[in-house]
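Just below is one structure, and these are the notes that go with it.
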There are 2 protein chains.
Amino acid sequence: MVSANRHDGPTVNDEPGGTSVQGTGGGGKRRSPLSRTTVLRAALELVDTDGLEALSMRRLGQRLDRDPMALYRYAANRDALLDGLTELLLDQWVIAAAGDADTAWQDQLRRAAHRFRALVLKHPHVVPLLVTRPLSTPLGLRPLGALRPLEQLLAVFTRAGFGPSGALHAYRAYYGFLIGHVINELEEFVVNADEDDAGLRLGLDRLPESDFPHLRSLASQLLDYDGEAELDQGITIVLQGLQAQLESPARAPH
Amino acid sequence: MVSANRHDGPTVNDEPGGTSVQGTGGGGKRRSPLSRTTVLRAALELVDTDGLEALSMRRLGQRLDRDPMALYRYAANRDALLDGLTELLLDQWVIAAAGDADTAWQDQLRRAAHRFRALVLKHPHVVPLLVTRPLSTPLGLRPLGALRPLEQLLAVFTRAGFGPSGALHAYRAYYGFLIGHVINELEEFVVNADEDDAGLRLGLDRLPESDFPHLRSLASQLLDYDGEAELDQGITIVLQGLQAQLESPARAPH
DNA sequence: ACCGTAGAGTCTACAGTGTAGAGCAACGCT
DNA sequence: AGCGTTGCTCTACACTGTAGACTCTACGGT
């Protein structure tokens with residue numbers, strides 16, 4: 001990955017020849033060989049449609065019309081495949097959009113945050129991986145495409161005036177907030193979609209009134225959730241906080 | 001669960017008789033029956049020592065000296081067991097400590113945040129569950145103990161002056177931040193512990209210098225990470241932001 | 001035309017997984 | 001004495017990741 005591509009856009013790509021995949025049917029005898037990218041893309045589709053637990057080597061092999069063991073040519077094992085999925089997603093995250101060169105870093109990061117949210121909402125089943133894989137795979141061993149956003153965000157923060165350590169702190173505050181937000185937004189609530197009453201739709205009637213007064217009274221508020229607004233409101237807080245740290249001489253250059 | 005216990009302390013407990021477990025050895029013929037709590041505690045121990053993927057029904061049964069199928073009396077299936085684990089942890093989170101009644105809500109929440117971090121660092125392997133299970137199990141179906149912190153936080157925020165919707169927003173900002181933070185703190189970095197050079201220890205030499213200049217130069221900063229300080233610094237930003245929202249008449253009561 | 005080699009994929013097999021379904025043994029009641 | 005309930009076990013099935021050995025094809029060099 002990472003060819004001439006400097007600032008934005010996906011860089012995961014390693015087709016052997018052309019992009020011809022020659023029909024998924026069972027007709028052709030000599031199929032064009034797979035590639036890491038096609039495998040990952042198929043895996044992503046599978047996860048998007050059937051959920052994470054549906055992603056097994058066997059099912060993926062079936063989908064690609066190949067023996068399951070063939071996949072091990074493109075991913076050392078299942079964990080590596082999952083790491084590849086996080087790369088496939090993170091590498092699509094555009095942080096520096098066209099014409100961002102001369103806008104304030106706050107605006108750039110706010111827009112990037114909204115793009116992150118949009119990207120992740122297109123692939124909600126991958127979110128667990130985004131959170132989980134980095135807990136297992138050390139930073140230095142992750143696919144390069146998964147590190148590109150980190151590098152770019154560090155660039156943004158240093159150009160904004162943060163020193164090395166400050167940029168790192170800023171990155172963690174920013175990305176941590178984003179992760180926390182999507183976790184919140186994707187949490188499951190509705191248990192009975194065809195119920196009229198808000199409380200029943202959420203299954204809150206199970207909670208004893210005496211122990212959960214606040215929660216039980218929040219049914220309607222839980223149901224009308226505006227993720228975009230909440231993200232925007234939250235990112236404002238974070239960015240203001242970061243700016244304050246940048247201006248206070250105590251922690252700024254560091 | 002949830003007996004007379006009003007504000008703090010764990011509430012998960014459902015022993016049938018006494019707490020006698022009569023030795024784990026293979027001697028006694030008639031063993032005292034299990035309970036959901038003992039099963040969950042054993043599961044937590046297993047996860048703490050051997051990691052999440054080591055938690056299988058068979059291994060857990062072995063540890064409790066029972067047939068794997070016996071566990072299904074205490075958890076409908078593996079997912080329910082995992083939900084139980086998140087309950088076991090969240091229910092230990094003390095939000096209102098003794099003598100918190102008359103301290104400012106900001107201080108209370110700051111201390112609760114540090115307690116959350118400490119709790120979670122004692123059981124790092126459970127963090128994926130904390131993040132992942134709520135994406136599958138709707139709020140209304142979770143074990144009650146897992147909802148207690150939510151209820152208590154809502155209480156804190158309403159007492160602080162937030163309206164229903166405002167309290168919910170505040171909770172999400174607060175908890176989202178906490179989750180984001182521990183994810184950051186528990187991320188894996190070191191790949192070669194016995195290396196001298198910081199860059200080598202992190203395996204950053206694998207990254208092409210031209211594509212990852214910032215990241216590669218951050219080796220030493222990545223290595224000396226002070227999670228407690230970072231949490232405290234972050235929570236300050238969040239609490240100030242929430243306070244600002246509380247004071248601005250636009251969004252406060254709502 | 002021949003061989004050698006590398007690449008892509010297959011086949012078989014093994015140890016391990018979650019869990020449905022049936023059944024067993026002991027206890028507390030009436 | 002009989003019954004139901006509780007706590008647990010046994011067996012079996014469909015499925016998982018992956019090690020190891022193997023086959024088949026295409027291509028390059030001589």
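Values in this document were obtained by computation on a predicted structure and should not be read as measured data. Here is the naming used below: chain letters follow the sequence lines, and residue numbers restart at 1 for every chain.
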(message) Among residues at least two apart in sequence or on other chains, which ones pass side chain to side chain donor-acceptor pair (under 3.5 Å) with B:Glu45?
(response) B:Arg63
(request) State which residues pass salt bridge (Lys or Arg N to Asp or Glu O under 4.0 Å) with B:Arg78; sequence neighbours excluded, sorted by chain then number. (result) none
(request) Would you kindly give the CE-to-P distance between B:Met69 and C:dG23, to the nearest whole Å? (result) 15 Å
(message) If you count every heavy atom of other residues, nucleotides or ligands that lies below 6.0 Å from B:Asp224 atom CG, does the total exceed 12?
(response) yes
(request) Among the candidates C:dA8, C:dT19, C:dT10, find the nucleotide nearest to the side-chain atoms of A:Ala70. (result) C:dT10
(request) Mind checking salt bridge (Lys or Arg N to Asp or Glu O under 4.0 Å) for B:Arg216 and listing every partner two or more places apart, or none if nothing turns up? (result) B:Glu209
(request) Keeping to residues at least two apart or across chains, list the side-chain hydrogen bond (donor to acceptor under 3.5 Å, both in side chains) pairs with something in residues 116-133 of chain B. (result) B:Asp48-B:His123, B:Asp83-B:Arg133, B:Arg117-B:Glu185, B:Arg133-B:Thr137
(request) Give the rounded distance in Å between these two atoms: CG of B:Asp67 and C1' of C:dC24. (result) 13 Å
(request) Look at the side-chain N and O atoms of B:Arg31 and state whether any lies under 4.0 Å from the OP1 or OP2 oxygen of D:dT9. (result) yes
(request) Side chain of B:Tyr72 only, please: which of C:dG9, C:dT19, C:dT12 is the nearest? (result) C:dT19
(request) Check every atom of D:dG7, D:dC10, C:dA8 against the side chain of B:Arg73 and return the nucleotide holding the closest atom. (result) D:dG7
(message) Going by the rule ring pair (Phe, Tyr, Trp, His ring centres under 6.0 Å), which residues pair with B:Tyr171 if we only count those two or more places apart in sequence or in a different chain?
(response) B:Tyr175
(request) Check if the side chain of B:Arg66 and the base of D:dG7 share a donor-acceptor pair of N or O atoms closer than 3.5 Å. (result) no
Dump the pairs, protein N or O against N or O of nucleotides 14-16 of chain D, anything under 3.5 Å, distances to one decimal.
{"residue": "D:dT16", "atom": "OP1", "partner": "A:Ser56", "partner atom": "OG", "Å": "3.0"}

